[in-house]
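Atoms within each ligand, like the ligands themselves, are counted from 1 in listed order.
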Amino acid sequence: MRFTRRFALSCGLVVLAGVLAGAQNPRDRHNTGHEAFAMRVLAAGLGNPWEVTWGPDGFLWVTERTAFKVTRIDPMDGTRHVALTLSGVYQSVDQDGLLGMALHPDLLRGRGTDFVYLAYVYDADPGPTVTRRLRVRRWTYDAASQALKAPSDVLDNLPAHDDHGGGRLAFGPDGRLYLSRGDQGSNFLANYCNPNRAQDLPTENDVRTRDWSTYQGKILRLELDGSIPADNPVINGVRSHIYTYGHRNPQGLVFGPTGLLYESEHGPSSDDEVNLIAAGKNYGWPYVAGFKDDRGYVYANWSASATPCRSLIFDTINPPASVPQQKESAWSHPDFVPPLATFFTVPPDFDFARFRTATIAPGGIDLYTAPAIPDWNSSVLVAGMRSGAVYRLKLSADRRTVSGDPVEYFKTTNRYRDIALSPDGRRIFLSADDHGSTQDDAGNRSTNLANPGAILEFSYTPAK
Ligand SMILES: [Ca+2]
Ligand SMILES: [Ca+2]
Ligand SMILES: [Ca+2]
């Protein structure tokens with residue numbers, strides 16, 4: 001087939017396709033985990049909980065994307081304590097608002113660094129026009145009042161838009177902040193005429209003038225004061241905040257115990273990716289989705305159409321002849337890194353019009369390294385928004401490759417946005433969006449979410 005990307009929401013065939021997809025869509029041919037877990041709704045009705053992480057105080061720390069709150073939740077009884085309600089956040093779509101949060105590793109350890117870092121979208125235009133930008137700002141946690149105080153800017157004026165916002169923050173073992181930035185949905189859906197800038201890199205002058213407009217489809221590495229680390233990679237002759245590039249919409253970012261950095265990102269209509277992130281590397285987007293295999297994806301650059309793009313109607317399956325198209329195999333780059341795993345790579349003749357997207361829409365990821373659940377140490381856990389499940393990828397002994405196929409767990413009719421683990425590894429907590437579409441238990445698309453805005457707990461119950 002000439003071109004096979006597919007926009008899943010656009011067509012009435014999806015209901016029929018849902019029935020047929022069971023036999024053909026690789027997403028529906030997964031292994032299901034045999035371990036037993038008890039499910040409990042720990043909290044519900046949160047404003048799109050986005051990041052959930054286990055804090056040093058034994059509470060779950062949660063960002064609420066659309067309520068602009070940082071909420072601490074007692075994992076025993078679900079009691080909530082709001083540590084901060086932000087002002088100055090901009091949110092009007094599903095990709096903006098309050099996003100990532102990283103806790104300083106010395107938070108509540110009496111070292112004077114009780115810091116919490118947040119990433120959120122704001123409107124940089126003082127007038128009626130909306131100009132989305134992303135800011136990273138630091139707060140100090142005051143344990144006596146259980147509140148976040150004393151905000152201090154880290155970095156702002158980062159590009160943001162109405163689609164593919166990335167926004168995950170991670171605190172590295174090297175004492176630096178890592179931040180994922182999406183490709184802003186460029187060359188796709190409503191933004192199909194915007195050139196995709198995931199491969200664009202800044203000039204020396206851009207860096208000197210603090211023009212961060214190329215920070216789309218990137219993973220950034222920042223000093224804690226927002227400056228560019230002196231040991232950041234030099235890419236194309238320039239050192240900037242950019243750590244890696246060629247990403248689409250990375251929403252998962254987590255460090256393993258030996259300092260390896262794992263990332264998840266959304267694919268187009270196939271090939272969501274889990275990547276091992278290494279300094280200066282190119283992860284291929286938009287030239288390559290998943291592996292460089294010419295399966296199910298061709299880069300069609302709408303912004304370069306010979307006929308003005310705005311006069312065209314976006315069509316993922318059959319772009320008009322005026323839109324330049326390039327097969328994955330026609331592109332090569334010395335720093336290209338293929339993914340560890342995809343969700344899911346499709347057969348060469350996969351019929352997207354019939355069988356729909358093969359993606360899970362990955363949200364956050366976490367790394368499981370506890371001994372509690374037999375054979376899970378070490379695994380990457382990936383939250384699937386569109387599939388309503390979590391996938392476990394078993395890692396090799398050096399944690400640099402994935403062994404075997406993904407195994408599915410915790411299937412419900414929810415959009416799982418992020419994951420947190422109790423330190424003993426016996427409890428897995430999942431945040432769930434308060435609206436949107438996912439799959440029900442029969443594999444059909446559903447917007448009737450079982451637990452809107454919830455934190456769900458799954459406790460491992462070992463076989464007797
Ligand atoms: Ca998390
Ligand atoms: Ca890639
Ligand atoms: Ca591919």
Metal proximity, Gly364 vs the Ca ion (ligand 1), N/O/S cut-off 3.0 Å: no
Opening angle between OE2 in Glu328 and OD1 in Asp293, taken at the Ca ion (ligand 3), to 10 degrees: 130°
The Ca ion (ligand 1) contact by Val254, N, O or S atom under 3.0 Å: no
Vertex the Ca ion (ligand 3), arms to Phe291 O and Ala289 O, rounded to 10°: 90°
Heavy-atom side-chain contact between Phe314 and Cys193 under 4.5 Å: no
Leu381 side chain near Leu421 side chain, heavy-atom distance below 4.5 Å: yes
Polar contact flag, side-chain donor to acceptor under 3.5 angstrom, Asp272-His266: no
Salt-bridge present (Lys292, Glu328; N to O < 4.0 Å): no
3.0 Å cut-off met by an N, O or S atom of Glu51 to the Ca ion (ligand 1): yes
Charged tip of Arg248 within 45° of Phe188 ring normal and under 6.0 Å: yes
N, O or S from Asn275 under 3.0 Å to the Ca ion (ligand 2): no
Geometric cation-pi criterion Arg72 and Phe59, 6.0 Å radius, 45° cone: yes
Metal-centred angle, the Ca ion (ligand 1) as apex - OD2 of Asp418, O of Ile419, 10° resolution: 100°
N, O or S atom of Glu273 closer to the Ca ion (ligand 2) than 3.0 Å: yes
